[in-house]
Amino acid sequence: MNIVDYSNNSFNNRNKLIELIDSLDSQYNSENRLLRSPFSSPGYHTTIKQADFIHSTRSSLSYALGLLDTGKEHYEQRAFDIIEQIVSLQDTDRSRNTFGIWSWFYEEPLDQMAPPDWNWADFCGKLLVLIISRHDARLPETLRQSVKQAICNACDAIIIRNVGPHYTNIAIMGAFVTLIAGELFERQDYAKYGLERLEKLHSYTMPRQAFQEYNSPTYTYVAILELSAIVTETSNDYAKQLGNDLLNIAWKSVADHFHAGTRQWSGPHSRCYKTLLTPQSKAFLQLATKGKLAFYTEDELPYYEDWYKCGAVCPEQYVESFLALGQRTIRECFGINGNGKEKWATTYMTPTYTLGSFNKEIMWNQTRTLLAYVDNGGEATYLHLRALHDGYDYCSAIFHGEQRENHLLFGVNFVVNGGDTHPNLDMIHGSIEASDLRFRLEIGGALDQVSTVVEKGSVSLRIGETLVLLRSWFAAFDDQSAGEAARDWSWEVTREGDLLGIDLVLYTGEKKVIDFQKMNEAAFLFSLCIGQGVDSFKPQIERTKELATISASWNNEDIALTLQLKPSML
């Protein structure tokens with residue numbers, strides 16, 4: 001196909017922006033002066049469960065910036081109307097803890113959110129700062145002053161909240177808003193705070209050379225955009241240096257984990273919204289590598305308004321890593337958990353598949369604790385382990401893994417003080433109501449050449465030319481200790497739309513209370529192997545009643561894993 005040619009700088013970002021903005025014309029609602037969008041939600045913060053369309057404050061403000069960035073005069077008044085409306089929706093009452101932020105949607109005021117999202121001071125504040133930075137002279141004076149005040153309100157909210165360096169993207173975005181606002185408005189207090197915040201993130205990140213949101217396709221992308229914005233917008237050379245140091249870490253992580261064989265972003269992912277790379281991610285990587293990694297022709301290439309003048313370019317020394325088809329292992333300590341223990345991630349790649357896992361992580365809907373991509377006739381097939389409570393990822397299931405190349409020994413147990421659908425917004429307090437609870441090895445992407453053979457305690461998968469073997473080694477979920485008949489813990493194959501599921505059902509039936517605090521045992525031990533030597537993986541199992549643990553080791557304890565049998569505190 002005719003791939004975009006970047007060699008002579010012929011690619012025109014402004015033309016792509018104009019095409020995008022023109023295409024959004026029909027979504028503009030002149031009655032409320034906002035952009036209408038199809039409703040979508042991660043399932044928390046908003047109380048809206050069903051709606052065809054909403055009016056997003058953030059998306060509308062991004063659209064307004066795009067309108068101005070086109071340079072077309074006929075778009076000016078629409079942009080001004082949107083900006084004026086968004087400014088009016090900010091909470092300006094300093095006595096409230098939501099001061100300086102916005103609700104997600106025009107249809108849902110802050111008081112109706114559960115809870116409000118304080119990050120909106122950062123997200124909307126950044127867009128307002130860019131509007132002032134790029135288009136200050138075009139704004140009517142009254143609007144300019146109200147925008148300036150809204151930015152100052154957002155800065156004050158950001159400083160009051162004072163997010164630490166462990167929350168990478170908001171740490172960066174808040175640093176951008178306060179640093180650049182301080183420079184634009186000659187507010188030394190804001191500029192000083194923004195620079196110190198960037199310094200703290202730098203000091204926190206450099207020793208381990210990884211962000212807290214480890215290897216996240218969603219948040220690494222955001223970090224690159226926000227750091228590039230700092231480097232592009234700031235006049236402070238020291239801030240540019242700090243930003244470039246952090247950008248180097250971000251781009252190295254992306255290049256290291258990109259799997260050329262499937263053209264996917266290898267796991268594990270600490271934060272992820274879509275398991276396969278989205279068109280947005282593909283197009284961004286194509287632009288940032290100047291077409292060396294190519295997915296689209298110029299006509300097909302998706303474009304987003306926040307890329308315009310963002311300054312995001314992959315350093316030349318990492319570009320070739322996106323194209324390398326070799327075999328390699330990445331094993332990194334990327335953080336410390338609440339108990340002071342190191343958090344590790346392992347990724348193994350061959351030309352045809354990649355397998356990644358964490359040593360310990362919660363199994364909520366944004367983590368990919370066990371994730372594999374396999375080349376299936378030129379398309380990617382993925383395998384993703386999930387714990388599902390009534391069909392939604394269950395945060396209080398805890399994944400434990402030990403991986404050596406293509407062999408993974410892993411287990412799952414449970415905690416009594418974790419969340420249900422979110423790590424901290426809906427705590428379970430020891431028990432849940434459920435009509436269904438199961439583990440699922442979800443298989444998605446290309447399914448045409450996927451076959452399964454289920455045997456007692458194991459499932460063999462063939463994906464194209466690659467063999468995958470999933471085995472159960474130990475299973476306990478209180479049933480046997482309650483005197484019930486021993487269960488046959490066999491996997492079953494399910495099909496839901498364009499996904500396959502290899503399911504191990506813990507419970508299904510009438511809705512009932514599952515009280516983890518009263519359970520004597522609740523733990524599972526499995527293995528997953530891909531490619532060569534799948535049949536040779538046979539761990540030694542040892543059960544310790546006194547310590548209420550189950551332990552497994554393989555290959556002279558090269559892989560060793562111990563699980564608590566009784567649900568416990570984190």
Between Trp118 and Ala157, is there a donor-acceptor pair closer than 3.5 Å when you use the side chain of the first and the backbone of the second?
no
For residues Arg94 and Asp156, determine if any side-chain heavy atom of one lies less than 4.5 Å from a side-chain heavy atom of the other.
yes
So CG of Leu287 and NZ of Lys282: to nearest 0.5 Å the spacing works out to 14.5 Å
Indicate, with yes or no, if the rings of His257 and Tyr214 have centres closer together than 6.0 Å.
yes
Which atom names give the shortest non-hydrogen contact between Gly100 and Gln90, and what distance separates them?
O-NE2, 3.2 Å
Does Glu199 have more than 12 heavy atoms from other residues, nucleotides or ligands lying within 6.0 Å of its CD?
yes
Ignoring hydrogens, what is the shortest heavy-atom contact between Cys395 and Trp364? Give both atom names and the distance.
SG-CB, 2.9 Å
Trace of the side chain to side chain contact (heavy atoms under 4.5 Å, CB included) decision for Phe414 with Tyr394:
CA-CA 10 Å; Phe414 302 88; Tyr394 182 53; 4.0 Å; yes
For side chain to side chain donor-acceptor pair (under 3.5 Å), just list the numbers for Tyr75 and Asp25, CA-CA rounded to whole Å, side-chain angles, deciding distance to a tenth of an Å, and then say yes or no.
CA-CA 10 Å; Tyr75 278 142; Asp25 184 73; 4.9 Å; no
Does Tyr219 have its ring centroid less than 6.0 Å away from the ring centroid of Phe211?
no
Do the side chains of Leu425 and Pro115 get nearer than 4.5 Å, heavy atoms only?
yes
Should the pair Tyr28 and Tyr63 be assigned to parallel (<30°), tilted (30 to 60°) or perpendicular (>60°) ring geometry?
tilted
What I'd like to find out is whether the side chain of Thr354 reaches to under 4.5 Å of the side chain of Thr347, using heavy atoms alone.
yes
Centre of Phe185's six-membered ring, under 6.0 Å away, within 45 degrees of the axis: is that where NZ or CZ of Arg187 sits?
no
Between Thr57 and Trp120, a side-chain donor and acceptor under 3.5 Å
yes
Contact summary for Leu128 and Val147, nearest pair of heavy atoms
CD2-CG1, 4.1 Å
Might you work through the side chain to side chain donor-acceptor pair (under 3.5 Å) test for Asn15 and Glu19, ending with a clear yes or no?
CA-CA 6 Å; Asn15 284 348; Glu19 288 177 16; over 6 Å; no
Kindly give the heavy-atom pair with the smallest separation between Ile224 and Leu247, and that separation in Å.
O-CD2, 3.7 Å
If we only count heavy atoms from C-beta on, is the Gln149 to Asn153 side-chain gap below 4.5 Å?
yes
Backbone N or O of Thr262 within a donor-acceptor pair of the His259 side chain at under 3.5 Å?
yes
Check step by step if side chain to side chain contact (heavy atoms under 4.5 Å, CB included) holds for Asn215 and Phe334.
CA-CA 9 Å; Asn215 189 38; Phe334 64 95; over 6 Å; no
Shortest non-hydrogen contact from Ala239 to Ile230?
O-CG2, 4.4 Å
Regarding Asp111 and Arg96, does a basic nitrogen lie under 4.0 Å from an acidic carboxylate oxygen?
yes
Could you tell me if Glu183 and Thr234 have a donor-acceptor pair between their side chains, going purely by distance under 3.5 Å?
yes
To the nearest 0.5 angstrom, please state how far the CG atom of Asp393 sits from the OG1 atom of Thr421.
9.5 Å
May I ask you to decide whether Glu196 forms a salt bridge with Lys200, counting only side-chain N to carboxylate O separations under 4.0 Å?
no
To the nearest 0.5 Å, tell me how far Met363 CE sits from Leu385 CG.
4.0 Å
For Trp307 and Tyr303, take the angle between the two ring planes, folded into 0 to 90°, and tell me which bin it lands in: parallel under 30, tilted 30 to 60, perpendicular over 60.
perpendicular
Hey, does Leu65 have a side-chain heavy atom less than 4.5 Å from the side chain of Glu305?
no
Classify the ring geometry between Tyr382 and His384 as parallel (under 30°), tilted (30 to 60°) or perpendicular (over 60°).
tilted
In terms of heavy-atom contacts, Phe99 and Thr92 come closest through CD1-C, 3.6 Å
Short side-chain to backbone donor-acceptor contact, Gln27 and Arg36, under 3.5 Å
yes
So Glu108 and Thr47, side chain to side chain donor-acceptor pair (under 3.5 Å) or not? Walk me through it.
CA-CA 8 Å; Glu108 183 180 40; Thr47 58; 2.6 Å; yes
Report the C-alpha distance between Glu361 and Lys343 in whole Å, list the side-chain angles of each, state the deciding distance to 0.1 Å, and finish with yes or no for salt bridge (charged side-chain N to carboxylate O under 4.0 Å, His left out).
CA-CA 8 Å; Glu361 191 55 87; Lys343 300 173 71 171; 3.7 Å; yes
Go through the steps to decide whether Arg58 and Asp306 satisfy the test salt bridge (charged side-chain N to carboxylate O under 4.0 Å, His left out), and finish with yes or no.
CA-CA 12 Å; Arg58 178 189 172 192; Asp306 53 358; 5.6 Å; no
Between Glu316 and Lys292, does the salt bridge (charged side-chain N to carboxylate O under 4.0 Å, His left out) criterion hold? Intermediate values first, please.
CA-CA 10 Å; Glu316 191 63 34; Lys292 296 290 182 62; 3.6 Å; yes
Between Glu213 and Thr168, do the side chains contain a donor N or O and an acceptor N or O under 3.5 Å apart?
yes
Against Thr275, only a single residue in Arg368, His269, Glu442 fulfils side chain to side chain donor-acceptor pair (under 3.5 Å); can you say which?
Arg368
Measure from the side-chain N and O atoms of Thr381 to the backbone N and O of Ala446, and report whether any donor-acceptor pair falls under 3.5 Å.
yes
Between Asn32 and His55, is the side chain to side chain contact (heavy atoms under 4.5 Å, CB included) condition met? List the steps.
CA-CA 9 Å; Asn32 61 18; His55 296 83; 3.4 Å; yes
Parallel, tilted or perpendicular, as decided by the 30° and 60° cut-offs, for the rings of Phe105 and Phe39
perpendicular
Counting only N and O atoms by type, is there a donor-acceptor contact under 3.5 Å from the side chain of Arg138 to the main-chain atoms of Leu68?
yes
State, with a plain yes or no, whether a side-chain heavy atom of Phe258 is found less than 4.5 Å away from one of Arg263.
yes
Between Glu233 and Lys126, is there a side-chain N and carboxylate O pair less than 4.0 Å apart?
no
With rounding to the nearest 0.5 angstrom, report the OG to CG distance, Ser26 to Leu35.
9.0 Å
Counting N and O atoms only, with roles assigned by atom type, does the side chain of Asn169 sit under 3.5 Å from a partner on the main chain of Ala223, one being a donor and the other an acceptor?
yes
Taking side chain as C-beta onward, heavy atoms only, is Thr289 less than 4.5 Å from Tyr318?
no
Tell me whether the count of non-hydrogen atoms from other residues, nucleotides or ligands lying under 6.0 Å of NZ in Lys240 goes above 12.
yes
Contact check, side chains of Phe123 and Trp102, non-hydrogen atoms, under 4.5 Å:
no
Taking Asn248 for its side chain and Asn244 for its backbone only, find out whether a donor-acceptor pair lies under 3.5 Å.
no
Answer yes or no: are there more than 12 heavy-atom neighbours, outside Glu496 itself, under 6.0 Å from its atom CD?
no
Kindly determine whether Ile48 and Gln112 satisfy side chain to side chain contact (heavy atoms under 4.5 Å, CB included), including the steps that lead there.
CA-CA 9 Å; Ile48 299 174; Gln112 294 179 18; over 6 Å; no
Between Gln241 and Asp237: side-chain donor-acceptor atoms closer than 3.5 Å:
no
